[in-house]
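Here's the structure we're looking at; comments come further down.
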Amino acid sequence: MKWLSGKNKILSKNKTADRKWRFVYDGEQTHSSTIDPLSKEKVIFLAPIRTLSVHPFEYPFTSTTRVRDALRLKFRPLIGDHARDLYFVPVVTQRKPKSISGAVFLVSKSEVEEIERKMRIRPDTALWVAPLAYAEEVAGNGLVQWRDEAQICSMLFENWQPRLYRWTSLAGKGADAADEALDADRDWFEGYARQQGGGIERICLVDPRMPNAPQPRMFSDYVYFDLSPSGANVAERVETFFQNASTIARRLVLLGGFFVLVSLALWLGRMSEKDLFTVAPGEVYGASFGERASNPTRAARAKVGEVRSTPGQFSFTSVIAAMLPAWQGGTSGDLKLEAVRYSAEKMEIQGTAKNMETIQKLQNAIQRAEFTARAGDIQQIPGGDFRFNLSVQGGKR
């Protein structure tokens, strides 16, 4: 086991914290054999990760629970069914009154679990990608290149936020070839920076095999960061719990208000027009379909059933019928369609929704009817609603 630093009380961006961290890398023995289990030290395992990808984000809302939903929706067209094989670990680095920003780490579950098995990380050990611990060396703005005998992994920082990550194998390379690969890696990042209209302020090379290697350090936005399966799952469960609790509370309030209004409406209706509930269904059915029925409710259901077509058979009425379940169980105004453009090949739908879940519900309802439904740009509009575009085509692809 290689101990890269001793007890670290320093926070690069926040000098007030007094918690102790210990960073470790590589080795065959388990942490529990060298660490006092009663110690309050937080152990962080640094690893070069082959499948990691990092992406900055910024959204015009302040709810952390909505960030994960927005990110999954954004990356779904790129990763498709592989989403279940990845950990999504968002980190919020800045909050404003009406916006939130940070970075999301995507990493293969299989690779992370293999690291955990190979290194026998104990349950309370956090897992970091190696260059992240050296942001202090470039003062939060610059490139950190981390290398050992087998690989190079590099991370570009801007205002203490990871912007880009790259992994390069050194397998089978000699010393000269490894140095050339390191130079090529640096050139690649500098080319990216020039394309973005800037440059790289500082570059730090870290080789943990060298006795004078820079020391890893904690910084405030990542105190609770953890890529390990336990850390990623706990974070998602906590977010889900608070999201569900908030949703349940809102529904209870709405349900209570609904029952009050219904009770009041029933009382007023019985006082003013006692026969209204008997006559109204027949009148509504007659006005809608131009005929009478002895059982208006059953007859209306039969009429709706007539417009349902064979699953996957593309037509205007079949898509509309497929969309109907999206309104079931919702609140009036949760989902509104503003424009529908139909052709023989596809249908373009534009509308607004109260939240991401409602958009996903509409998309899933269409896909259950064996149509292809792809979400386009989703933007938050004044008032907190989301404007969306859906492109619908016949047959799943």
Side-chain angles (χ1 to χ4, degrees), residues 1-2 4 23-33 42-57 67-91 102-134 144-156 162-173 181 185 188 206 208 216 222 224-241 360 397:
M1 181 72 64
K2 297 180 181 178
L4 297 186
F23 295 85
V24 297
Y25 159 68
D26 206 356
E28 296 298 332
Q29 58 183 323
T30 179
H31 292 193
S32 58
S33 65
K42 177 66 175 180
V43 179
I44 299 175
F45 190 90
L46 302 181
I49 301 179
R50 184 180 68 259
T51 60
L52 184 90
S53 177
V54 61
H55 303 269
F57 66 80
V67 168
R68 192 182 293 272
D69 292 337
L71 289 170
R72 289 189 185 278
L73 205 58
K74 174 182 177 181
F75 287 105
R76 175 168 294 181
L78 300 176
I79 60 180
D81 294 336
H82 296 290
R84 64 175 67 93
D85 301 324
L86 301 174
Y87 285 124
F88 282 72
V89 186
V91 180
V104 60
F105 293 75
L106 280 69
V107 63
S108 166
K109 290 182 179 180
S110 60
E111 183 181 8
V112 171
E113 290 165 0
E114 176 61 26
I115 292 173
E116 193 171 47
R117 287 192 299 268
K118 180 181 177 182
M119 303 304 179
R120 292 183 287 171
I121 301 174
R122 71 183 191 183
D124 59 343
T125 297
L127 174 64
W128 280 27
V129 61
L132 185 62
Y134 298 90
V144 175
Q145 290 183 293
W146 189 100
R147 66 170 290 183
D148 61 11
E149 66 280 359
Q151 63 243 305
I152 302 168
C153 58
S154 305
M155 184 170 284
L156 182 65
R163 302 288 299 183
L164 193 63
Y165 174 82
R166 188 172 188 241
W167 179 90
T168 304
S169 173
L170 295 180
K173 296 182 183 294
D185 182 71
W188 187 87
V206 179
Y222 287 80
Y224 301 104
F225 179 70
D226 189 359
L227 286 172
S228 70
S230 57
N233 290 333
V234 167
E236 187 164 4
R237 286 198 297 269
V238 168
E239 292 175 12
T240 301
F241 170 79
Q360 189 65 58
R397 298 183 180 181

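Along the sequence shown, the residues carry numbers beginning at 1. Being a predicted model, the structure only gives us computed values, none of them experimental.
The shortest non-hydrogen separation linking Leu73 to Pro77 is O-CD, 3.5 Å. Between Leu71 and Pro90, the closest heavy-atom pair is CD1-CB, 4.0 Å. Nearest heavy atoms, Pro56 versus Lys74: O-NZ, 4.4 Å. Counting all heavy atoms, side chain and backbone alike, Tyr165 lies closest to Leu52 at CD2-O, 3.4 Å. Taking every heavy atom of both residues into account, Ala103 and Val54 meet most closely at CB-CG2, 4.0 Å.
Side chains of Ile115 and Leu127 form a contact here, defined as non-hydrogen atoms less than 4.5 Å apart. Counting only heavy atoms from C-beta outward, the side chains of Trp146 and Pro208 approach each other to under 4.5 Å. Looking at Tyr222 and Val91, their side chains come closer than 4.5 Å, going by heavy atoms from C-beta outward. Side-chain contact between Val129 and Trp167 is absent, with no heavy atoms from C-beta onward closer than 4.5 Å. Between Pro48 and Gln151, the closest side-chain pair of non-hydrogen atoms falls below 4.5 Å. Taking the side chain as every heavy atom from C-beta outward, Ser110 and Asp85 never approach each other to under 4.5 Å. In this structure, the side chains of Ser154 and Val144 stay at 4.5 Å or more apart for every pair of heavy atoms. At a threshold of 4.5 Å between non-hydrogen side-chain atoms, the residues Leu86 and Val107 do not count as touching.
Across Phe225, Tyr87, Phe88, a single residue satisfies ring-ring contact (aromatic ring centres under 6.0 Å, His included) together with Phe105, and that is Phe225.
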ask   = What do the steps show when you test Val24 against Val43 for side chain to side chain contact (heavy atoms under 4.5 Å, CB included), and what is the final call?
value = CA-CA 7 Å; Val24 297; Val43 179; 4.1 Å; yes
request  = Please step through side chain to side chain contact (heavy atoms under 4.5 Å, CB included) for the pair Glu149 and Leu170, ending with a clear verdict.
outcome  = CA-CA 7 Å; Glu149 66 280 359; Leu170 295 180; over 6 Å; no
task = In sequence, state the C-alpha distance, the side-chain angles, and the governing distance for Phe75 and His55, and then conclude on side chain to side chain contact (heavy atoms under 4.5 Å, CB included).
result = CA-CA 10 Å; Phe75 287 105; His55 303 269; 3.6 Å; yes
key: Step-by-step side chain to side chain contact (heavy atoms under 4.5 Å, CB included) determination, Thr168 to Trp188   = CA-CA 12 Å; Thr168 304; Trp188 187 87; over 6 Å; no
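The CD atom of Gln145 sits 10.0 Å away from the SG atom of Cys153 when rounded to the nearest 0.5 Å. Note that the NZ atom of Lys109 and the NE2 atom of His82 stand 13.5 Å from one another [nearest 0.5 Å]. Note: Ser53 OG to Arg166 CZ = 13.0 Å, rounded to the nearest 0.5 Å. Between the CD1 atom in Ile152 and the NZ atom in Lys173 there is a gap of 8.5 Å [rounded to 0.5 Å]. For the atom pair CG of Leu46 and CZ of Phe23, the computed distance is 6.5 Å after rounding to the nearest 0.5 Å. Annotation: the span from Leu106 atom CG to Arg72 atom CZ amounts to 9.0 Å, rounded to 0.5 Å.
One side chain, Thr51 or Glu111, offers a donor N or O that lies under 3.5 Å from an acceptor on the other. Between the side chains of Gln360 and Arg76, at least one donor N or O sits under 3.5 Å from an acceptor N or O.
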